[in-house]
There are 2 protein chains.
Amino acid sequence: MENNTEMLKGVLEGCVLEIISRGETYGYEITQKLRELGFTDVVEGTIYTITMRLEKNNFVNTNKKASTKGPPRKFYTLNAAGQQHLKNFWGKWEFVSSKINQLKEED
Amino acid sequence: MENNTEMLKGVLEGCVLEIISRGETYGYEITQKLRELGFTDVVEGTIYTITMRLEKNNFVNTNKKASTKGPPRKFYTLNAAGQQHLKNFWGKWEFVSSKINQLKEED
DNA sequence: ACTGCTATATAGTATAACTAAGTAGTGTCG
DNA sequence: CGACACTACTTAGTTATACTATATAGCAGT
């Protein structure tokens with residue numbers, strides 16, 4: 001599907017948080033998972049800006065580990081603030097998406 | 001609910017199109033309807049930039065009419081291109097929201 | 001050496017919504 | 001009458017977030 005980019009604004013960060021909440025992971029892997037999910041146009045650069053932002057806002061802890069397949073990986077895990085932020089995100093999503101579906105289904 | 005603003009990016013225009021598709025309406029009224037829907041923070045300025053964009057991109061026809069309650073109203077109706085655009089919007093919404101819900105529900 | 005996959009990072013751009021303010025018509029109330 | 005509230009449209013400037021494009025670098029296979 002073409003050009004969902006604008007529609008992802010404000011939700012992509014939440015998706016990244018959700019993926020991290022499933023267990024320690026790193027930028028490149030997050031990108032792969034999002035692409036598998038169906039967001040085929042998501043590129044690494046986008047995810048790195050998000051993970052850097054999460055780091056800056058203190059929602060994640062980081063841990064650098066060597067890889068056998070390439071350069072060292074920077075692993076992320078959610079901290080308490082990140083978990084709260086994720087919970088807020090899903091709350092907002094629930095609210096917004098239900099309102100939009102309500103608008104869609106009205107006649 | 002506070003600060004859904006970023007989450008509305010890319011969907012607010014679609015919501016406006018949907019509201020116009022229900023029948024001839026104007027900016028101020030669209031704003032009211034969105035606020036009733038629950039997007040209480042949406043303000044007129046935002047809606048006017050959207051309706052101007054829709055006009056510029058030739059998705060709507062306009063028709064100015066006098067009002068008994070204030071300045072003349074600028075009524076909008078969807079044209080064929082607008083209807084197609086709306087259809088595309090709902091397609092994208094269906095895709096994106098289903099993927100996000102899928103991510104949410106996984107465990 | 002070259003190519004491809006893995007992996008992180010960043011400078012610059014585009015989009016879309018927000019803030020804030022201005023203009024203007026109509027009705028109401030002290 | 002004058003102030004205010006509600007209706008109604010418009011626009012200049014800001015902010016947030018994702019994208020484009022590029023750079024850097026390790027490792028494996030040819």
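Just so it is clear: chains get the letters A, B, ... in the order the sequence lines come, proteins before strands, and each one is counted from 1.
Here B:Tyr48 does not reach the OP1 or OP2 of D:dA8: none of its side-chain N or O atoms lies under 4.0 Å away.
Heavy-atom nearest nucleotides on DNA chain C were determined for A:Thr49 and for A:Arg73, and the one closer to the 5' end corresponds to A:Arg73.
A donor N or O paired with an acceptor N or O is not found under 3.5 Å between the base of C:dT15 and the side-chain atoms of B:Lys9.
B:Glu13 has a carboxylate O that lies under 4.0 Å from a charged side-chain N of B:Arg53, or vice versa, which qualifies the two as a salt bridge.
A side chain to side chain contact (heavy atoms under 4.5 Å, CB included) with A:Ile20 is found for exactly one of A:Asn61, A:Leu78, A:Leu86, namely A:Leu78.
Contacts of B:Glu44 with the nucleic acid, taken as non-hydrogen atoms under 4.0 Å apart, include base atoms. Counting non-hydrogen atoms under 4.0 angstrom, A:Gly45 reaches a base of the nucleic acid. Contacts of A:Val42 with the nucleic acid, taken as non-hydrogen atoms under 4.0 Å apart, are absent. Using a 4.0 Å heavy-atom cutoff across all strands shown, A:Gly10 reaches sugar-phosphate atoms only and no base atom.
Here the side chain of A:Tyr28 is nearest to one of C:dT6, C:dA17, D:dC19, namely C:dT6.
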- line: Per-nt protein contacts along nucleotides 22-30 of chain D (heavy atom under 4.0 Å; B base, S backbone sugar-phosphate only, - none) come out as ---BBS---
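Taking Ile, Leu, Val, Met, Phe, Trp and Tyr as hydrophobic and joining them when side-chain heavy atoms fall under 4.5 Å apart, one finds A:Phe75 in a cluster with A:Tyr26, A:Tyr28, A:Tyr48.
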